[in-house]
Amino acid sequence: MKSPLLSLPGAVPAEGVDEGVAAHYGELFREQRALADGAGFVDLSHRGVLTVTGADRLSWLHLLITQHVSELPAGQATEALILSANGHIEHALYLVDDGETVWVHVEPGTREALLAYLESMKFFYRVEVADRTDEFALVHLPAGSIAPVPDGVVVRETAHGRDLFLPRADLESYASENGPAAGLLAYEALRVEAHRPRLGFETDHRTIPHELGWLGTAVHLQKGCYRGQETVARVHNLGKPPRRLVFLHLDGSEVHLPVPGTPLHLASEGAEGRKLGFITTAVRHHELGPIALGLIKRNVPLDAELVAGDTAAAQEVIVEP
């Protein structure tokens with residue numbers, strides 16, 4: 001779904017899974033600084049929007065996801081995962097209940113599979129699940145923003161900013177009144193700085209929540225049964241995850257950023273040494289320079305000097321080994 005905001009001056013389209021919105025509007029670092037200062041907004045209208053209605057919506061979702069939502073207060077934002085039977089991450093949900101409806105936004109390209117799964121699990125519960133992506137566009141306001149929220153618009157407020165479920169027909173008029181727009185690259189740079197994982201970027205087919213630090217934000221360890229819970233409990237109580245998410249400061253003298261999937265090795269062994277992990281997301285930050293997130297083997301020493309391809313990478317701990 002192509003955003004009308006791609007017609008704004010300087011807009012350069014994003015590629016890959018983020019196709020349909022702007023990567024930037026011609027001034028990447030200015031856009032980052034604006035977001036960091038609480039100004040502007042980010043067009044995330046390529047993300048999927050689902051709603052769950054009905055008297056059993058919260059108790060039903062509580063059975064399916066990793067988060068405790070059976071008594072979720074209206075207006076309180078949360079996030080959750082849906083796992084496979086083996087505990088691997090399949091979906092990431094960012095949700096809020098407005099008192100009558102649970103509003104959910106998800107990664108682009110995942111809503112169809114998620115909707116099909118939710119529909120298959122309705123059974124006798126009094127719930128209705130709907131794909132509202134054609135009607136509503138997600139807009140992100142950064143933390144500290146004083147931009148007004150239009151009447152009637154559902155807001156999901158977190159420490160990182162506010163997500164607005166804006167009627168898609170109002171997207172252009174909202175942009176004209178609440179600019180400047182910041183592109184997805186600016187949003188991603190602040191996401192990496194905040195150590196926040198993203199489904200499909202920091203995850204692969206075997207990722208479990210413990211590896212990414214999602215236990216602290218998207219998993220409730222004392223709630224009842226859900227698919228994949230046995231793996232979550234076993235690794236948390238009896239073991240350690242095989243990998244851990246790490247924050248990396250990259251050598252700023254390199255012209256090109258390492259692409260996702262670039263192998264990580266010990267600097268002393270170089271590119272011919274043992275593969276210890278890989279880059280998941282690499283960005284240019286307006287203050288920190290080139291930075292990245294990566295997944296590495298749990299037992300890699302915390303002080304180990306790494307290289308991503310030919311680029312030196314100094315690690316900071318996100319998930320303890």
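Residues: numbered from 1 along the sequence shown.
In the model, E193 has a side-chain atom that pairs as donor or acceptor with a side-chain atom of H285 under 3.5 Å. If you check the side chains of R234 and Q229, you find no donor sitting under 3.5 Å from an acceptor. Side-chain atoms of T207 and E202 include no donor-acceptor pair closer than 3.5 Å. If you check the side chains of T101 and R57, you find no donor sitting under 3.5 Å from an acceptor.
Around the CG atom of L302, the shell of radius 6.0 Å holds more than 12 heavy atoms that belong to other residues, nucleotides or ligands. A 6.0 Å sphere centred on CD of E112 holds more than 12 heavy atoms belonging to other residues, nucleotides or ligands. More than 12 non-hydrogen atoms from other residues, nucleotides or ligands lie less than 6.0 angstrom from CD of E135. Counted within 6.0 Å of CG on D310, heavy atoms from surrounding residues, nucleotides or ligands total 12 or fewer; the atom is thus considered open.
The shortest distance between side-chain heavy atoms of F278 and I296 does not fall below 4.5 Å. You'll find the side chain of P197 reaches within 4.5 Å of the side chain of W214, heavy atoms only. For the pair L138/L166, no side-chain contact is recorded, criterion being any heavy-atom separation below 4.5 Å from C-beta on. Residues H210 and V319 fail the side-chain proximity criterion, which asks for heavy atoms closer than 4.5 Å. Side-chain contact check for L171 versus S3: some heavy-atom pair is nearer than 4.5 Å. Contact of the V104 side chain with the V96 side chain is not registered, since no non-hydrogen atoms from C-beta on lie closer than 4.5 Å. Counting heavy atoms from C-beta outward, F165 and H105 have side chains that approach closer than 4.5 Å. The shortest distance between side-chain heavy atoms of Y94 and T78 does not fall below 4.5 Å.
Side-chain atoms of S70 never come within 3.5 Å of backbone atoms of L58 as a donor-acceptor pair (strictly under, hydrogens ignored). A donor-acceptor contact shorter than 3.5 Å links the side chain of K223 to the backbone of H62. Checked by atom type and distance alone, the side chain of E157 never pairs as donor or acceptor with a backbone atom of G75 at under 3.5 Å. Looking at D18, its side chain never comes within 3.5 Å of a backbone N or O of A14 through a donor-acceptor pair. Checked by atom type and distance alone, the side chain of T133 pairs as donor or acceptor with a backbone atom of V49 at under 3.5 Å. One N or O on the side chain of S145 and one on the backbone of A147 form a donor-acceptor pair closer than 3.5 Å. Side chain of E19 to backbone of E15: no donor-acceptor contact under 3.5 angstrom is found. The backbone N or O of L114 lies less than 3.5 Å from no partner atom in the side chain of E90, so there is not a single donor-acceptor pair. Judged by distance alone, the side chain of Q67 and the main-chain N or O of T217 form a donor-acceptor pair under 3.5 Å. Without hydrogens or angle criteria, T66 side chain to A80 main chain gives no donor-acceptor distance under 3.5 Å.
In this structure, E128 pairs ionically with K122, as a charged nitrogen and a carboxylate oxygen lie closer than 4.0 Å. Here R274 pairs with E269 in a salt bridge; the nearest charged N to carboxylate O distance falls below 4.0 Å. A salt bridge links R198 to E188: at least one charged side-chain nitrogen sits closer than 4.0 Å to a carboxylate oxygen. By the 4.0 Å N-to-carboxylate-O rule, D134 lies too far from R168 to be salt-bridged with it. A salt bridge links E211 with R243: the closest approach of a Lys/Arg side-chain nitrogen to an acidic carboxylate oxygen falls below 4.0 angstrom.
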Inset, instruction - Could you please spell out the steps behind the side-chain hydrogen bond (donor to acceptor under 3.5 Å, both in side chains) verdict for N86 and S84? - result: CA-CA 5 Å; N86 293 322; S84 72; 5.0 Å; no
Inset, instruction - Please lay out, stage by stage, how R156 and Q76 fare under the test side-chain hydrogen bond (donor to acceptor under 3.5 Å, both in side chains). - result: CA-CA 7 Å; R156 180 180 176 273; Q76 180 175 309; over 6 Å; no
Inset, instruction - Please lay out, stage by stage, how E305 and S268 fare under the test side-chain hydrogen bond (donor to acceptor under 3.5 Å, both in side chains). - result: CA-CA 8 Å; E305 296 182 4; S268 60; over 6 Å; no
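Counting only residues at least two apart or in different chains, ring-ring contact (aromatic ring centres under 6.0 Å, His included) contacts with residues 238-276 comprise H195-F247, F247-H249.
Note that R132 lies outside the cation-pi zone of F136, set by a 6.0 Å cut-off to the ring centre and a 45° limit from the axis.
Residues satisfying the ring-ring contact (aromatic ring centres under 6.0 Å, His included) criterion with H91, sequence neighbours excluded, are absent altogether. Evaluation of the ring-ring contact (aromatic ring centres under 6.0 Å, His included) rule for Y25 yields no partner, not counting sequence neighbours.
Aromatic rings from H140 and Y187 are positioned such that their centres are separated by under 6.0 Å.
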